[in-house]
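Before any comments, here is the structure.
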Amino acid sequence: MRIVLLGAPGSGKGTQAVRLVEQLELPHISTGELLRSAVEAGTELGQKAKTVIDRGELVSDDIMLGLITQRLSRDDAKKGFILDGYPRNITQAKALDEILERQGQAMVEVLHIDVDAELLLQRIAGRAAEEGRSDDAEEVVRKRLRIYAEQTAPVVEYYTAKGVLSRVLGEGSVEEVFQRIMSVLLMHTES
Ligand code: ADP
């Protein structure tokens with residue numbers, strides 16, 4: 001199964017990805033994590049990405065394409081994956097289509113984890129206090145949410161038009177959201 005998780009910052013898609021990985025035994029591919037590892041490792045890519053991430057902006061499509069192509073070509077991704085953080089704009093969505101077509105596995109299941117904007121802000125404020133992520137400062141978060149609305153929301157439309165997207169309400173407990181996701185997936189594997 002090839003699953004793409006879409007959701008605003010604070011929607012809980014990272015948390016749900018971890019649950020899904022346990023349940024489905026598929027690799028978790030998080031572009032945020034891939035970038036943060038590159039930053040920590042101090043690679044050239046990481047140094048370039050850090051400034052952009054800390055400003056709350058999107059890393060360039062070129063860099064992301066290299067990163068994701070490389071990751072998806074690894075053996076463990078052949079049986080499927082949980083993709084979290086990519087695509088974040090229409091260019092990336094089309095690039096992903098091409099990569100998967102080339103690999104002969106064009107079908108994806110897209111889950112949009114939908115959370116009210118006010119709740120997103122509250123959750124990220126909580127996470128900032130707990131984890132101290134450098135891009136969780138309030139001003140930066142507002143920018144990330146704005147970029148999500150401008151660039152990533154169209155990706156929701158893109159997959160809706162293709163008929164491969166399911167909306168999942170991302171409010172309530174982690175367990176409740178997870179159960180909603182699992183029932184969508186179950187429905188689709190049965191049909
Ligand atoms: P969140 O989902 O909370 O925004 P992520 O961990 O997914 O956090 O991403 C953190 C940051 O990494 C983003 O704000 C962005 O700067 C960068 N990033 C992650 N994925 C992408 C992507 N597909 N394209 C461009 N930038 C990305």
Side-chain angles (χ1 to χ4, degrees), residues 1-22 24 26-103 105 108-113 115 120 123-124 127 131 133-136 140-141 143-156 158-159 164-165 170 181:
M1 210 181 313
R2 289 174 295 280
I3 298 174
V4 173
L5 292 177
L6 291 179
S11 62
K13 69 184 156 50
T15 308
Q16 295 299 331
V18 171
R19 295 292 311 269
L20 281 168
V21 162
E22 282 168 8
L24 304 173
L26 292 171
H28 179 196
I29 304 183
S30 156
T31 48
E33 295 290 327
L34 287 173
L35 288 168
R36 283 188 288 276
S37 317
V39 170
E40 257 173 52
T43 61
E44 198 185 324
L45 185 152
Q47 287 170 9
K48 268 196 216 159
K50 182 169 175 28
T51 338
V52 182
I53 294 172
D54 285 349
R55 275 196 233 123
E57 291 166 9
L58 294 184
V59 173
S60 78
D61 291 337
D62 278 357
I63 290 185
M64 293 314 298
L65 184 62
L67 207 64
I68 201 73
T69 306
Q70 203 180 35
R71 183 63 189 86
L72 288 175
S73 67
R74 272 170 49 185
D75 264 356
D76 66 343
K78 296 282 180 287
K79 60 175 179 179
F81 48 76
I82 316 280
L83 188 51
D84 157 17
Y86 194 96
R88 266 180 149 89
N89 60 30
I90 294 287
T91 307
Q92 294 183 4
K94 291 185 174 158
L96 179 63
D97 281 350
E98 277 174 27
I99 298 171
L100 296 179
E101 261 165 42
R102 268 203 305 273
Q103 295 184 345
Q105 11 168 260
V108 286
E109 169 104 41
V110 183
L111 298 167
H112 172 215
I113 306 186
V115 174
L120 290 175
R123 284 189 183 171
I124 299 174
R127 182 170 83 184
E131 294 177 17
R133 239 173 73 173
S134 59
D135 58 348
D136 273 350
V140 178
V141 167
K143 195 196 268 178
R144 281 162 59 209
L145 289 172
R146 183 161 48 78
I147 292 180
Y148 179 85
E150 288 169 4
Q151 304 204 32
T152 314
V155 176
V156 173
Y158 177 83
Y159 285 122
V164 295
L165 181 138
I181 291 176

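We number each residue from 1, following the sequence as shown.
Between R146 atom CZ and E150 atom CD the span is 5.5 Å, to the nearest 0.5 Å. The structure places OG1 of T91 at 10.0 Å from CG of D62, a figure rounded to the nearest 0.5 Å. D84 CG to I3 CD1: the interatomic distance, rounded to the nearest 0.5 Å, is 11.5 Å. Going from atom CD1 of I181 over to atom CD of Q16 covers 4.0 Å, rounded to the nearest 0.5 Å. Here the CG-CD1 distance, from L111 to I82, works out to 8.5 Å after rounding to the nearest 0.5 Å. The distance from atom CD1 of I29 to atom OH of Y86, rounded to the nearest 0.5 Å, is 12.0 Å.
Across every non-hydrogen atom of L145 and A8, the tightest pair is CD2-CB, 4.3 Å. The two residues A149 and P154 have their closest heavy-atom pair at O-CD, 3.9 Å.
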Determine whether L26 and V21 satisfy the following criterion, side-chain contact (heavy atoms from CB on, under 4.5 Å), listing intermediate values before the conclusion. CA-CA 5 Å; L26 292 171; V21 162; 5.6 Å; no
Show your reasoning for whether side-chain hydrogen bond (donor to acceptor under 3.5 Å, both in side chains) applies to Y158 and N89. CA-CA 10 Å; Y158 177 83; N89 60 30; over 6 Å; no
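When M64, Q92, R71 are each tested for a side-chain contact (heavy atoms from CB on, under 4.5 Å) with T31, only one passes: M64.
The closest donor-acceptor contact from the side chain of T152 to the backbone of R88 lies under 3.5 Å. Formation of a donor-acceptor pair under 3.5 Å by the Q47 side chain with backbone atoms of G42 is found in this model.
For T51, the side-chain contact (heavy atoms from CB on, under 4.5 Å) partners at least two apart in sequence or on another chain are R55.
Applying the 6.0 Å contact sphere to CD of E40 captures no more than 12 heavy atoms from other residues, nucleotides or ligands. Few gaps surround NZ on K79; more than 12 heavy atoms of other groups in view lie less than 6.0 Å from it.
Residue pairs meeting the salt bridge (Lys or Arg N to Asp or Glu O under 4.0 Å) criterion with at least one partner in residues 44-54, sequence neighbours excluded, are K50-D54.
A salt bridge does not link R2 with E109: every distance from a Lys NZ or Arg NE/NH1/NH2 to an Asp or Glu carboxylate oxygen is 4.0 Å or more.
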